[in-house]
Amino acid sequence: MNCDILITEKIVGQPVDDLRKRFVVDADPELWKDPVRLKARLRTARALIVRNQTQVTADLISDASSLCVIGRAGAGLDNIDLRAASAAGIVVVSTPDQNSLSVAELALAMMFALARRLTVADRSTKQGGWERQRFTGIELSGKTLGLVGLGRIGFLTGLRARALGMRVIAHDTYVSPDAAAVTETHAELVTFDELLARSDFVSCHVPLTPQTRGMFGYEQFCRMKSSAYFLNLARGELVNEAGLCRALDEGRIAGAALDVREKEPPGPSPLSARDDVILTPHIAAFTHEGQARVVAAVCGDVASVLLGESPRNFVNFPRTPRDLPN
Ligand code: MLT
C-alpha cells in the first residue's frame with residue numbers, strides 16, 4: 001500500500017486519528033521487527049514515525065526516495081542515522097522535552113524503592129513474611145544525588161531531589177555554572193570521578209553517543225561508595241552489565257535500578273535473580289500524560305513538514321529540499 005505516513009511502532013491516540021483525516025497513514029506496530037518489509041513499505045512513504053526500536057539506518061534512508069520527514073516519538077536519537085538523514089535532505093523531528101517529567105518521576109520512584117527495598121519487601125510480605133527488621137531502609141533526605149547529565153531530565157530530577165532534602169552534585173561538560181539547571185537545583189558541578197566517589201545515588205541522564213557508550217563498567221562501580229546505588233533510565237548501552245554484576249557480587253555498590261538494558265528486550269541475565277537490583281522494561285517515558293504530549297508533538301510536527309510549515313522540534317533543519325506534495 002502506498003502511504004504518506006508510515007508508523008512502525010505502537011503509536012496511537014487522537015493525534016494519529018487526526019493525521020488520518022489529512023493523510024494516508026499506514027500503521028504497523030510490529031514492522032520495526034522486520035527490516036526487509038520495513039524497507040519495502042518505506043519506499044513510497046513521505047513520512048516515517050518511530051519510537052526507539054526501529055533502526056533508521058543509512059541503508060534504509062538511501063532507499064526511501066520520497067521520504068521528507070522522520071518523526072521520533074521520544075527524546076533519544078541513537079536509533080536514527082542523523083547524518084544520513086541530513087545528507088538526504090530529510091527533516092528529523094523529535095520530542096525532546098515531552099516525556100522528561102515522567103522519566104524524572106520514575107528516577108525518584110527508583111530511589112525510594114532502592115532506599116526502602118520496596119520490591120523485595122512486597123514479595124516477602126505477599127509470601128506470608130512479616131520481616132520488619134530486615135527491611136530497615138535509609139532516608140533520602142541528607143543524601144547526595146549525583147546526576148550524570150544535567151539536561152532537562154537531570155534538571156527535573158535534581159529539582160525534585162532537592163525538595164526532598166537531598167544534596168545535588170552533577171557532572172555535565174556542556175552545562176555552565178550559571179545555567180538555570182545548576183542554579184535552580186543548587187547543583188555543585190564536579191568531575192566524573194568526584195561524582196562517583198561522593199554520591200549516595202548515581203543517576204544517569206546522558207544520551208547514547210560513541211563517547212558515552214560503556215561509560216559505566218566494573219572500574220567505575222568500584223570508584224563508588226559501597227553503600228551507594230546506581231540508576232540508569234537513559235540507555236542500556238551506557239552500562240556494561242557484566243561489570244555491574246561483578247561489582248554487585250563483590251559488594252562494591254549496594255544496588256541498582258535499570259529501566260534500560262544493553263539489549264532490549266534482554267535475554268536471560270544474572271541481574272534478574274538479584275534482590276539488590278530493580279528491573280523495569282524501558283517504561284520511564286510511559287505515563288499517560290507523557291505519551292499524550294509525545295504523540296501530539298510528533299504528529300503535529302510531521303504534519304507541519306508535510307504541509308510545508310516549520311515544525312517546532314526539528315533536530316537538523318525545518319524544511320526539506322525534497323519535493324513536497326501539492
Ligand atoms: C526516549 O528516548 O524518549 C525514551 O527512552 C523513550 C523511548 O525511547 O521511546
Side-chain angles (χ1 to χ4, degrees), residues 6-13 15-16 27-33 38 47-57 69-82 85 92-110 147-157 172 203-213 215-216 230-239 241 257-266 278-302 311-316:
L6 182 65
I7 304 180
T8 59
E9 299 183 48
K10 183 149 185 197
I11 299 169
V12 290
V16 177
D28 180 346
E30 302 294 312
L31 195 56
W32 64 274
K33 293 181 182 164
L38 166 57
L48 170 68
I49 304 184
V50 301
R51 288 193 187 275
N52 73 319
Q53 297 180 106
T54 311
Q55 296 308 311
V56 188
T57 61
V69 53
I70 298 169
R72 165 70 171 99
L77 293 165
D78 43 288
N79 58 318
I80 294 173
D81 191 325
L82 192 56
V92 177
V93 297
S94 72
T95 60
D97 285 346
Q98 285 73 2
N99 60 28
S100 304
L101 182 57
S102 305
V103 181
E105 288 192 359
L106 187 66
L108 268 296
M110 291 292 205
L147 294 167
V148 181
L150 201 51
R152 183 80 182 150
I153 297 171
F155 166 61
L156 293 173
T157 306
D172 190 327
S203 192
C204 200
H205 301 286
V206 291
L208 178 65
T209 66
Q211 291 72 40
T212 60
R213 183 180 291 274
M215 72 187 289
F216 287 96
F230 173 74
L231 290 85
N232 186 12
L233 289 81
R235 282 294 177 269
E237 296 95 323
L238 302 174
V239 177
E241 288 186 6
L258 306 180
D259 182 53
V260 287
R261 303 297 296 279
E262 265 178 346
K263 186 173 171 303
E264 294 183 7
I278 300 174
L279 301 175
T280 47
H282 200 149
I283 53 167
F286 282 78
T287 60
H288 293 293
E289 297 87 345
Q291 286 308 305
R293 290 190 295 265
V294 162
V295 176
V298 77
C299 289
D301 272 354
V302 164
R312 283 171 179 239
N313 297 300
F314 59 89
V315 179
N316 47 5

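Numbering of ligands and ligand atoms starts at 1, following listing order.
Nearest protein neighbour of atom 3 (O) of ligand 1, counting heavy atoms only, is A75 N, 2.6 Å. Protein heavy atom nearest atom 4 (C) of ligand 1, with residue, atom name and distance: H282 NE2, 3.8 Å. The closest protein non-hydrogen atom to atom 8 (O) of ligand 1 is R72 NH2, 2.8 Å.
Side-chain contact between I153 and L233 is absent, with no heavy-atom pair separated by less than 4.5 Å.
Between K33 and E30, at least one side-chain N (NZ, or NE/NH1/NH2) sits under 4.0 Å from a carboxylate O, which counts as a salt bridge.
Going from atom CZ of R235 over to atom OG1 of T209 covers 12.0 Å, rounded to the nearest 0.5 Å. Taken from CZ in R51 to CD1 in I7, the straight-line distance is 10.0 Å, to the nearest 0.5 Å. The distance from the CZ atom of R72 to the CG atom of N52 is 5.0 Å, given to the nearest 0.5 Å.
Of all atoms in ligand 1, listed by their number and element, those nearer than 4.0 Å to a heavy atom of A285 are 6 (C). Less than 4.0 angstrom separates some heavy atom of N52 from each of these atoms of ligand 1: 8 (O). Within ligand 1, the atoms closer than 4.0 Å to a non-hydrogen atom of G74 are 3 (O), numbered from 1 in the order shown.
The residue V294 has no part lying near ligand 1, judged by heavy-atom distances below 4.0 Å.
Below 3.5 Å of separation, one finds no N or O of R51 facing any N or O of ligand 1. Among the atoms of G76, some N or O lies under 3.5 angstrom from an N or O of ligand 1.
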Going through the checks in order, is the side chain to side chain contact (heavy atoms under 4.5 Å, CB included) test met by I278 and M110? CA-CA 8 Å; I278 300 174; M110 291 292 205; 4.0 Å; yes
Between Q53 and N79, does a side chain to side chain contact (heavy atoms under 4.5 Å, CB included) hold up when you go through it step by step? CA-CA 7 Å; Q53 297 180 106; N79 58 318; over 6 Å; no
